*Asks:* 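Please find one structure pasted underneath; my questions will follow.
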Amino acid sequence: MQVHATIADVRAARAAMGVQRVAVVPTMGNLHAGHISLMRQARDHADVVIATIFVNRLQFKPGEDFEKYPRTFAADCAQLEAAGVDHLFAPDEAEMYPQLQTYYVEPPPEQAKILDGEFRPGHFRGMATVVLKLLQITQPHAALFGKKDYQQLMVIRNMVADFNLPVKVIGGETVRADDGLALSSRNGYLSAAERLEAPRLFQVITQVAAAVRAGNRDYTQFEQDAMAQLQAHGWLPEYVALRKKLDLQFAPAHESGLVVLAAARLGSTRLIDNLEV
Ligand code: PAF
């Protein structure tokens, strides 16, 4: 695997790829089986796979975990090598933001200020801005993102469509631990007791999805019950919401094509999860 720390270097490598098909998998590192599954899927769409690792300050709000976000570069490189990734672009902040970023991607409020965007103001703006930069730098035919960050995937799809980027956006299925917990770099923050409790988030959204599948249409009640259940077990739920898959807008009771999304804090760790119905 070739490792590139500079934009000039990865651009030169990209130019040398010529007519080959290229897929990129952007990450913030601290890779787990979910990321590696995206790397392997990328191979189905391309001759050359580029991974990126960059912990993007712009998508963290003050007081979030930017400083403590786990940085495990050597272990990440070993995993990427083993997964057969061809190139890694791993710039530092000075390379990505040599001066303060002056232009931003501003996703529309109906996409970026709901759900996670309500609780993490500015997150999707910072995320979309860096993703646009990474796509401009690596010029891929395909880009892969995990469905665990469902709203992120929706924002990226819309950005790519609105800016006519010649990139196919592919969503990879969430990879889970045996007990159902969605794999996430933030799981590493959980204490042993919290780790035992953490699968409840998936259990709760599974119950909501099952109730909808059973034909029950009292969505507000499901959402409230799910939040209450989390609260009763010591969580601080932010939202449990049934939305339309396509645009994450409210789902009138007759809609099909739904997804249940949830975010909740367990101790000091914020976990998110979702399940397509
Ligand atoms: O999902 C992530 O790891 C990040 O939000 C991304 C897409 C790499 C942008 O920083």
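These figures come from a predicted structure and were not determined experimentally.
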*Asks:* Under 3.5 Å, is there a donor on one side chain and an acceptor on the other for D225 and Q221?
*Replies:*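 Per modelled atom types, D225 and Q221 side chains form a pair under 3.5 Å.
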*Asks:* Over 60° means perpendicular and under 30° means parallel, so tell me whether H4 and H87 are parallel, tilted or perpendicular.
*Replies:*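 If you compare the ring of H4 with that of H87, the planes turn out parallel.
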*Asks:* Report the C-alpha separation of V25 and H35 in whole Å, then their side-chain angles, then the decisive distance to 0.1 Å, and conclude whether the side-chain contact (heavy atoms from CB on, under 4.5 Å) test is met.
*Replies:* CA-CA 8 Å; V25 185; H35 295 114; 6.0 Å; no
*Asks:* When you measure from the side chain of D86 to the backbone of M1, do you find a donor-acceptor pair of N or O atoms at a distance under 3.5 Å?
*Replies:*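 Looks like no, no N/O pair under 3.5 Å.
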*Asks:* Could you give the distance from CZ (F66) to CE (M28), rounded to the nearest 0.5 Å?
*Replies:*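 The CZ atom of F66 sits 9.0 Å away from the CE atom of M28.
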*Asks:* Applying the 4.5 Å side-chain criterion to the ILVMFWY set and letting contacts propagate, would L153 and L271 be lumped into a single cluster?
*Replies:*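 In one cluster: no.
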*Asks:* Does Q151 use its side chain to pair, donor to acceptor, with the backbone of D116 at less than 3.5 Å?
*Replies:*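 Flag set: sc Q151 to bb D116 pair under 3.5 Å.
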*Asks:* Evaluate salt bridge (Lys or Arg N to Asp or Glu O under 4.0 Å) for E173 paired with K148, printing each intermediate quantity in order.
*Replies:* CA-CA 7 Å; E173 295 305 323; K148 178 174 163 282; over 6 Å; no
*Asks:* Would V260 and F222 satisfy side-chain contact (heavy atoms from CB on, under 4.5 Å), going step by step from the backbone distance to the final call?
*Replies:* CA-CA 10 Å; V260 47; F222 302 156; over 6 Å; no
*Asks:* If hydrophobic clusters are built from ILVMFWY residues whose side chains come within less than 4.5 Å, do I137 and L80 share one?
*Replies:*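 Not linked; separate clusters.
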*Asks:* Distance from M154 atom CE to D149 atom CG, nearest 0.5 Å?
*Replies:*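 Reported to 0.5 Å precision, the distance equals 12.0 Å.
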*Asks:* Could E118 and K113 be called an ion pair, given the rule that one side-chain N must be under 4.0 Å from one carboxylate O?
*Replies:* no
*Asks:* Donor-acceptor pair, T6 side chain versus D9 backbone, under 3.5 Å?
*Replies:* yes
*Asks:* So which atom in M159 and which in V105 form the shortest heavy-atom distance, rounded to 0.1 Å?
*Replies:*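 Distance-wise, the nearest heavy atoms are SD-CG1, 3.9 Å.
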*Asks:* Counting N and O atoms only, with roles assigned by atom type, does the side chain of R243 sit under 3.5 Å from a partner on the main chain of L248, one being a donor and the other an acceptor?
*Replies:* yes
*Asks:* Show every ring pair (Phe, Tyr, Trp, His ring centres under 6.0 Å) that has at least one partner inside residues 157-201, sequence neighbours left out.
*Replies:* none
*Asks:* Would you sort out whether L261 and D273 count as a side-chain contact (heavy atoms from CB on, under 4.5 Å), showing the intermediate values?
*Replies:* CA-CA 6 Å; L261 307 109; D273 203 351; over 6 Å; no
*Asks:* When you measure from the side chain of D76 to the backbone N and O of G29, does any donor-acceptor pair fall under 3.5 Å?
*Replies:*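 Side chain of D76 to backbone of G29, a donor-acceptor pair under 3.5 Å: no, none is there.
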*Asks:* Any chance you could measure R120, atom CZ, to M127, atom CE, to the nearest 0.5 Å?
*Replies:*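 Spacing of CZ (R120) from CE (M127) equals 10.0 Å.
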*Asks:* Look only at the side chain of R176 and the backbone of L181, and say whether a donor-acceptor pair between them is shorter than 3.5 Å.
*Replies:* no
*Asks:* Is the count of non-hydrogen atoms from other residues, nucleotides or ligands lying under 6.0 Å from Y104 atom OH greater than 12?
*Replies:* yes
*Asks:* Report yes if some heavy atom in the side chain of L165 is under 4.5 Å from a heavy atom in the side chain of L135; otherwise report no.
*Replies:* yes
*Asks:* Which residue, T138, V48, D47, forms the side-chain contact (heavy atoms from CB on, under 4.5 Å) with M17?
*Replies:* V48
*Asks:* Test side chain to side chain donor-acceptor pair (under 3.5 Å) on E64 and Y69 and set out the steps.
*Replies:* CA-CA 9 Å; E64 284 190 340; Y69 199 86; over 6 Å; no
*Asks:* Testing the 3.5 Å rule here: is there a donor-acceptor pair between the side chains of Q41 and D44?
*Replies:*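 The answer is no; no qualifying pair exists.
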*Asks:* Flag yes if more than 12 heavy atoms outside K168 fall under 6.0 Å of its NZ atom; otherwise flag no.
*Replies:*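 No, not enclosed.
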*Asks:* Take E223 and L242, measure what side-chain contact (heavy atoms from CB on, under 4.5 Å) needs, and give me the verdict at the end.
*Replies:* CA-CA 7 Å; E223 293 170 1; L242 259 164; 3.7 Å; yes
*Asks:* Going by distance alone, is a donor N or O of one side chain under 3.5 Å from an acceptor N or O of the other, for W235 and E197?
*Replies:* yes
*Asks:* Do F73 and M39 belong together in a cluster built from hydrophobic side chains that touch within less than 4.5 Å?
*Replies:*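 Yes, because F73 and M39 connect within a single hydrophobic cluster, where side-chain heavy atoms sit under 4.5 Å apart.
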*Asks:* Over all heavy atoms of both residues, which pair between F145 and P26 is shortest? Give the atoms and the distance, please.
*Replies:*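 Shortest heavy-atom contact: CE2-CG, 3.6 Å.
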*Asks:* State whether the number of non-hydrogen atoms from other residues, nucleotides or ligands found under 6.0 Å of L196 atom CG is greater than 12.
*Replies:* yes
*Asks:* With the threshold set at 4.0 Å, does a side-chain nitrogen-carboxylate oxygen contact exist between D65 and R186?
*Replies:*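 Between R186 and D65 there is a salt bridge, with a charged N closer than 4.0 Å to a carboxylate O.
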*Asks:* Main chain of E106, side chain of R125: is a donor-acceptor contact present, judged purely on distance under 3.5 Å?
*Replies:* no
*Asks:* Does the structure place the NZ or CZ of R57 under 6.0 Å from the centre of the six-membered ring of Y97, at an angle of no more than 45° from the ring's axis?
*Replies:* no
*Asks:* What verdict does the salt bridge (Lys or Arg N to Asp or Glu O under 4.0 Å) test give for R157 and D247, after you've listed the backbone C-alpha separation in whole Å, the side-chain angles of each residue and the deciding distance to 0.1 Å?
*Replies:* CA-CA 10 Å; R157 280 192 199 288; D247 55 11; over 6 Å; no
*Asks:* Report whether V160 and F124 are members of the same hydrophobic cluster (ILVMFWY, side-chain heavy atoms less than 4.5 Å apart, transitive linking).
*Replies:*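 Cluster IDs for V160 and F124 match.
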*Asks:* For A182 versus T174, what's the shortest heavy-atom pair and its separation?
*Replies:*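 Smallest interatomic distance, heavy atoms only, reads CB-CG2, 3.7 Å.
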*Asks:* How many angstroms lie between atom CG of L132 and atom CD of Q136, to the nearest 0.5 angstrom?
*Replies:* 5.0 Å
*Asks:* Roughly how far, to the nearest 0.5 Å, is the CZ atom of F54 from the CD atom of E95?
*Replies:*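 One finds 9.5 Å between CD of E95 and CZ of F54.
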*Asks:* May I have the step-by-step check of side chain to side chain donor-acceptor pair (under 3.5 Å) for Q229 and Q207, ending in yes or no?
*Replies:* CA-CA 11 Å; Q229 206 182 127; Q207 285 165 20; 2.9 Å; yes
*Asks:* Any donor-acceptor pair under 3.5 Å linking the side chain of H123 with the backbone of Q59?
*Replies:*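 Confirmed, H123 side chain pairs with Q59 backbone.
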*Asks:* Under 3.5 Å, is there a donor-acceptor pair between the side chain of R43 and the main chain of G84?
*Replies:*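 Yes, R43 side chain to G84 backbone: donor-acceptor pair under 3.5 Å.
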*Asks:* Using a 3.5 Å distance criterion without hydrogens, assess whether the side chain of R71 forms a donor-acceptor pair with backbone atoms of E67.
*Replies:* yes
